[in-house]
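As structure tokens, the structure follows; a few thoughts come after it.
Only a predicted model underlies this, so the values are computations on that prediction, with no experimental measurement involved. Throughout, a chain's letter reflects where its sequence line sits, starting with A, and its residues are numbered from 1.
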There are 2 protein chains.
Amino acid sequence: MKEITSQQQRVLDCIQIYINKTGFPPTRADICKELGFKSPNSAETHLRALEKKGFISIESGASRGISIINNDRNSSINSDEYPIIGLVAAGSPTLAEENIMNTINCPESFFNSSFDYFLKVKGLSMKNAGIMEDDLIAVKKTSDIKNGDIVIARIDDEVTVKFFNKKSPKIVELEPANEDFENIVVNLEEEELHIEGKSVGLLRKN
Amino acid sequence: MKEITSQQQRVLDCIQIYINKTGFPPTRADICKELGFKSPNSAETHLRALEKKGFISIESGASRGISIINNDRNSSINSDEYPIIGLVAAGSPTLAEENIMNTINCPESFFNSSFDYFLKVKGLSMKNAGIMEDDLIAVKKTSDIKNGDIVIARIDDEVTVKFFNKKSPKIVELEPANEDFENIVVNLEEEELHIEGKSVGLLRKN
DNA sequence: TATTATACTGTACATATATTCAGTACTATT
DNA sequence: AATAGTACTGAATATATGTACAGTATAATA
């Protein structure tokens, strides 16, 4: 699979959004309208490029004959198989194979936002937020974090799940939801804080 | 919602199968080809009937503008659609249409056990068990209950989610997981206790 | 330097498609 | 007996749509 360009990604996203919204794929004209193109051939050439690269298939002659090819090898965006990663005290929750305990088949639009993997929770530091040991948190890899979000944070090799609270441009507090645990105060000038992502959902099996 | 006729059901199934196969809805001609009709108007009239009865929506003027309206009742094909039922204080959590708030597409083997519906939780009586307001509990309709199971219990018209604890052949205690709530002691000789099912999993969107 | 890929505008046209109209026939309901 | 719904055939047509052709421009590659 070749690389996708940013414009081609825009077109691909546009198709997916259109299908989600209407239930059927867009025409060339629909894509032009969504993305501001003035010629249907602009959409056409992008579609042919996406087809050539294997991202979509186009039924020749048929109207709205575009379908998105699910290729889970490529991005985690189109995949229905989501990995479960164990929250180990030391080390970043990477998608490296040795950290993947299992996978779960799950619709892409299962939670309100897309997500990248499930994190298996250790400990009870977020107990009062209803996050218990062995719960699976749906994690979206993003740096778009607001105060009050439940984030997966890493300081050096220590990974934790906490509430995010930016007190000042320099100070971030990571707040547990359990009276037995203390706030973690991070001075961004002294320590490196990595936000691996945020929680967009939770799954529990019992 | 009116009743569907057998021919209309065939057309509806045909549309669903076509979408599953190709990724986009069929044309009138496609439906004719699949079902052996000789005139596109045969498909057209069935489509209009299905639209009138609320099974599909048709985008006027658009080609392939058919989309199936999600109605879990009509799910011979989509066995992965589970209803969400609101936990109302009064009344049994039935699958009657008026109680279904929404549906979720979910693999059948998503939790460790099969289940029948999602129950949307009201209140915080199971807070310490990690069950928060608006969480969705995956409920399996069963009477195979052990002590310690989280059950959906009904006494008269009152429905609650609690831990199940059979103290004696006559006495069942329904125990909340929140110090602000009291145990419900049920004397089976005096009151009727209906166990609607038990929790086999939990889903939270945030 | 020539070639290829990307990224568009603009026009044109064959055909794919929705949709209407005119019929026929059967069934159930009022 | 009249009306409405179902279940079709068959033909006609406006328009929705895919797709080719003719350009322009930029960037990267061989």
Side-chain angles (χ1 to χ4, degrees), chain A residues 1-19 21-69 74-75, chain B residues 1-19 21-69 71 74:
Chain A
M1 176 98 55
K2 289 177 191 169
E3 261 184 38
I4 194 169
T5 68
S6 64
Q7 279 301 84
Q8 287 163 5
Q9 184 69 58
R10 281 185 73 207
V11 174
L12 189 59
D13 290 346
C14 170
I15 295 166
Q16 185 66 65
I17 290 165
Y18 193 100
I19 292 173
K21 206 164 57 183
T22 67
F24 44 86
T27 65
R28 276 65 168 167
D30 291 329
I31 295 170
C32 288
K33 199 178 167 190
E34 291 293 328
L35 299 181
F37 302 151
K38 290 180 180 172
S39 166
N41 196 36
S42 301
E44 177 73 16
T45 49
H46 280 132
L47 290 175
R48 294 300 161 187
L50 285 167
E51 186 190 31
K52 202 174 171 187
K53 291 179 178 177
F55 291 100
I56 62 172
S57 74
I58 302 174
E59 176 81 18
S60 176
S63 67
R64 302 178 187 273
I66 306 165
S67 53
I68 291 176
I69 294 172
N74 196 33
S75 65
Chain B
M1 175 101 54
K2 289 176 189 170
E3 261 185 39
I4 194 169
T5 69
S6 64
Q7 279 301 85
Q8 287 163 5
Q9 183 70 59
R10 280 185 74 209
V11 173
L12 189 59
D13 289 347
C14 170
I15 296 166
Q16 183 67 66
I17 290 165
Y18 193 100
I19 292 173
K21 206 164 56 183
T22 67
F24 43 88
T27 65
R28 276 65 167 168
D30 291 329
I31 295 170
C32 289
K33 198 178 167 190
E34 292 292 329
L35 300 181
F37 302 152
K38 290 180 181 172
S39 167
N41 194 35
S42 302
E44 177 72 17
T45 49
H46 281 130
L47 290 176
R48 293 299 162 188
L50 285 168
E51 187 190 31
K52 201 174 172 186
K53 291 180 177 177
F55 292 99
I56 62 171
S57 74
I58 302 175
E59 175 81 19
S60 175
S63 67
R64 302 178 187 275
I66 306 164
S67 52
I68 292 177
I69 292 171
N71 191 322
N74 159 47

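Partners of A:Glu44 according to the salt bridge (Lys or Arg N to Asp or Glu O under 4.0 Å) rule, which considers only residues two or more places apart in sequence or in another chain, are A:Arg28, A:Arg48. With sequence neighbours excluded, the residues that form a side chain to side chain donor-acceptor pair (under 3.5 Å) with B:Thr5 are B:Gln8. Under the side chain to side chain donor-acceptor pair (under 3.5 Å) criterion, A:Ser67 pairs with A:Ser57, sequence neighbours left out. By the side chain to side chain donor-acceptor pair (under 3.5 Å) test, B:Thr27 is found to be paired with B:Asp30, residues two or more places apart in sequence or in another chain being considered. With sequence neighbours excluded, no residue satisfies salt bridge (Lys or Arg N to Asp or Glu O under 4.0 Å) with A:Glu59. By the side chain to side chain contact (heavy atoms under 4.5 Å, CB included) test, A:Thr45 pairs with A:Asn41, sequence neighbours left out. Under the rule for a ring pair (Phe, Tyr, Trp, His ring centres under 6.0 Å), the partners of B:Phe37 that lie at least two apart in sequence or sit in another chain are B:His46.
From the 5' end on, the contacts that DNA chain C makes with chain A at under 4.0 Å to a non-hydrogen atom open and close at C:dA5 to C:dT17.
Atom pair B:Ile31:CD1 and D:dA7:P shows a separation of 14 Å (rounding to whole Å applied). Atom CG of B:Leu47 and atom C1' of D:dA7 are 14 Å apart (whole Å). Rounded to whole Å, the distance from CZ on B:Arg10 to C1' on D:dA7 is 12 Å.
Look at B:Thr45 and you won't find any side-chain N or O under 4.0 angstrom from OP1 or OP2 of D:dC8. For B:His46 and D:dT6, the shortest distance from a side-chain N or O to OP1 or OP2 is not below 4.0 Å. Regarding contacts with the backbone of D:dG5, every side-chain N or O of B:Gln8 stays at 4.0 angstrom or more from both OP1 and OP2.
Helix-axis bend for the helix from C:dT1-D:dA30 to C:dT30-D:dA1: the local axis fitted to the five terminal pairs at one end deviates from that at the other end by 20°, rounded to 10°.
The shortest heavy-atom contact between A:Pro26 and A:Ile66 is O-CD1, 3.6 Å.
The side-chain heavy atoms of B:Ile56 and B:Ile69, taken from C-beta on, include no pair separated by under 4.5 Å. Residues B:Asp13 and B:Gln9 have side chains in contact (heavy-atom distance under 4.5 Å, counting atoms from C-beta outward). In this structure, B:Pro25 and A:Pro25 have side chains that are in contact, with non-hydrogen atoms separated by less than 4.5 Å.
Within the nucleic acid shown, B:Ser42 comes within 4.0 Å of at least one base atom, counting heavy atoms only.
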Please produce a list of atom pairs where a protein N or O lies less than 3.5 Å from an N or O of nucleotides 17-20 of chain D.
unit_1, atom_1, unit_2, atom_2, d
D:dT17, OP1, A:Arg64, NE, 3.2
D:dT17, OP1, A:Arg64, NH2, 2.6
D:dT17, OP1, B:Ser63, N, 2.9
D:dT17, OP1, B:Ser63, OG, 3.1
D:dG18, OP1, A:Arg28, NH1, 3.1
D:dG18, OP1, A:Arg64, N, 2.8
D:dG18, OP2, A:Arg28, N, 3.1
D:dT19, OP1, A:Ser60, OG, 3.2
D:dT19, OP1, A:Gly61, N, 2.6
D:dT19, OP2, A:Arg28, NH2, 3.1
D:dT19, OP2, A:Arg48, NH2, 2.6

